[in-house]
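Since the structure comes first, as structure tokens, the remarks are kept for the end.
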Amino acid sequence: MTIFPNEAGRLPRILLLGGTSEIGLAILAALGAPAGSEVILAGRDEQRLAAAGKTLPYQVRTHHYDAVDTASHQAFAGEVFGAGGLDLVISAAGILVPQPELERDVRLAATMIETNFTGHVTTLLALAGLMRARGRGTIVVLSSVAAVRPRKANPVYGATKAALDAFARGFADSLHGSGVRVLLVRPGFVTGRMTEGMEPAPLATTPEAVGAAVASALRRGRAAAVWVPAPLAGVAVALRMVPRPFWRRVSR
Ligand SMILES: NC(=O)c1ccc[n+]([C@@H]2O[C@H](COP(=O)([O-])OP(=O)(O)OC[C@H]3O[C@@H](n4cnc5c(N)ncnc54)[C@H](OP(=O)(O)O)[C@@H]3O)[C@@H](O)[C@H]2O)c1
């Protein structure tokens with residue numbers, strides 16, 4: 001199945017929230033959208049957004065977007081949606097602040113919660129309202145295996161991902177039948193900028209592998225969630241069953 005059904009020759013319009021995200025950019029590269037497709041990279045740093053855009057085989061433009069500036073999200077959604085609408089939105093903004101830093105300055109915990117959860121909710125509510133009115137569109141949400149079970153090493157990050165995962169599932173159900181689809185992506189440890197300096201977890205993967213898995217799930221058309229790598233789906237079931245005292249000892 002094609003990701004973008006040809007609508008009278010109209011080229012797809014795609015938005016990446018967190019426009020410099022390694023995973024988000026790898027998804028865009030793997031999509032294989034037509035060459036003239038319009039991609040909007042939305043983020044905070046214009047220079048790095050422009051540099052990221054040069055790596056993509058599409059018509060790229062950039063737009064200012066700050067995930068923690070929730071008051072701006074309704075207007076932002078209207079601006080990027082524009083008259084042409086959006087066929088695909090990839091919600092990839094995120095930060096991973098080490099727990100000791102959060103404990104030294106608790107305001108960083110609030111920033112991580114706003115970036116990883118609140119900002120996704122406000123932005124996606126505004127965008128999905130416009131997509132629903134148009135009767136079509138796809139939203140990709142970057143959750144994580146961290147959503148499965150909070151770990152003592154990073155309970156705040158885990159909580160933001162669990163909250164985002166729960167929101168995306170309920171939101172997908174609320175949009176069912178509207179023509180707007182939500183694909184929830186749950187990668188494991190992804191080697192890259194966010195995890196730099198950390199010891200890779202078992203089943204570690206790459207942004208390119210996540211990109212390929214998301215593009216494939218979008219092509220298949222039906223999946224509500226995709227785990228990367230796929231065996232993580234089974235691992236997640238096992239992780240939920242580990243007794244808590246044992247989990248406390250073994251989880252890093
Ligand atoms: N890497 C992993 O192991 C892993 C595993 C599972 C899930 N995920 C999730 O996948 C998503 C993408 O991660 P990644 O590996 O691609 O990390 P990344 O390369 O560090 O990308 C994170 C993106 O979030 C943006 N961002 C951070 N704060 C923002 C803010 N206030 N407003 C707007 N954008 C903001 C960053 O923009 P700047 O360039 O301005 O900093 C960057 O574009 C995240 O949600 C992450 O939690 C990652």
Side-chain angles (χ1 to χ4, degrees), residues 15-30 39-53 55-56 62-73 76 80 89-98 107-108 110-124 139-149 151 153-154 156-165 167-168 183-211 213-214 225-229 232 235-236 252:
L15 170 67
L16 173 60
L17 297 162
T20 61
S21 151
E22 290 182 317
I23 294 176
L25 292 165
I27 294 171
L28 289 174
V39 167
I40 305 166
L41 300 181
R44 301 177 292 183
D45 187 313
E46 171 57 33
Q47 275 191 347
R48 284 193 296 116
L49 290 169
T55 65
L56 296 169
T62 62
H63 200 293
H64 180 77
Y65 170 70
D66 189 342
V68 303
D69 184 11
T70 54
S72 70
H73 291 170
F76 165 82
V80 290
V89 173
I90 303 165
S91 202
I95 52 174
L96 172 53
V97 185
R107 288 170 303 179
L108 294 174
T111 303
M112 186 154 77
I113 293 164
E114 283 171 18
T115 308
N116 294 4
F117 177 55
T118 316
H120 288 253
V121 173
T122 50
T123 309
L124 294 181
I139 297 171
V140 171
V141 178
L142 264 300
S143 176
S144 167
V145 70
V148 172
R149 193 155 184 183
R151 295 187 295 117
N154 63 6
V156 183
Y157 180 79
T160 65
K161 287 302 183 186
L164 180 62
D165 198 285
F167 164 72
L183 176 67
L184 191 48
V185 185
R186 300 189 183 114
F189 184 103
V190 181
T191 311
R193 184 172 50 210
M194 184 175 274
T195 55
E196 203 178 337
M198 294 165 62
E199 194 189 323
L203 296 179
T205 187
T206 62
E208 291 71 28
V210 180
V214 170
V226 57
W227 295 85
V228 195
L232 265 188
V235 173
R252 312 187 273 144

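Note that these values count all heavy atoms, side chains included, but never hydrogens, waters or copies made by symmetry. Whatever order the structure lists ligands and atoms in, that order sets their numbers, starting from 1.
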Can E114 be said to touch ligand 1, with heavy atoms closer than 4.0 Å?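 No, E114 has no heavy atoms under 4.0 Å from ligand 1.
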
Heavy atom of A92 under 4.0 Å from ligand 1?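 Yes.
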
H63 vs F76 aromatic rings, parallel, tilted or perpendicular, using cut-offs 30° and 60°? perpendicular

Check: [X] N/O within less than 3.5 Å of ligand 1 N/O:
X    : result
D66  : yes
I95  : no
Y157 : yes

Going by heavy-atom distance to [atom], choose the closest among [options].
atom                    : options              : answer
atom 6 (C) of ligand 1  : S144, A26, G18, A204 : S144
atom 38 (P) of ligand 1 : K161, M198, R44      : R44
atom 18 (P) of ligand 1 : R193, R186, M112     : R193

Among all the protein's non-hydrogen atoms, which is closest to [atom], and how far away is it?
atom                    : answer
atom 15 (O) of ligand 1 : I23 CD1, 3.5 Å
atom 5 (C) of ligand 1  : G188 O, 3.1 Å
atom 36 (C) of ligand 1 : T20 OG1, 4.0 Å
atom 21 (O) of ligand 1 : S21 CA, 3.3 Å

Under the side-chain hydrogen bond (donor to acceptor under 3.5 Å, both in side chains) rule, what do E114 and T70 come out as? Steps first, then yes or no, please. CA-CA 9 Å; E114 283 171 18; T70 54; over 6 Å; no

Which bit of E22 is near ligand 1, meaning a heavy atom under 4.0 Å away: side chain, backbone, both or neither? both

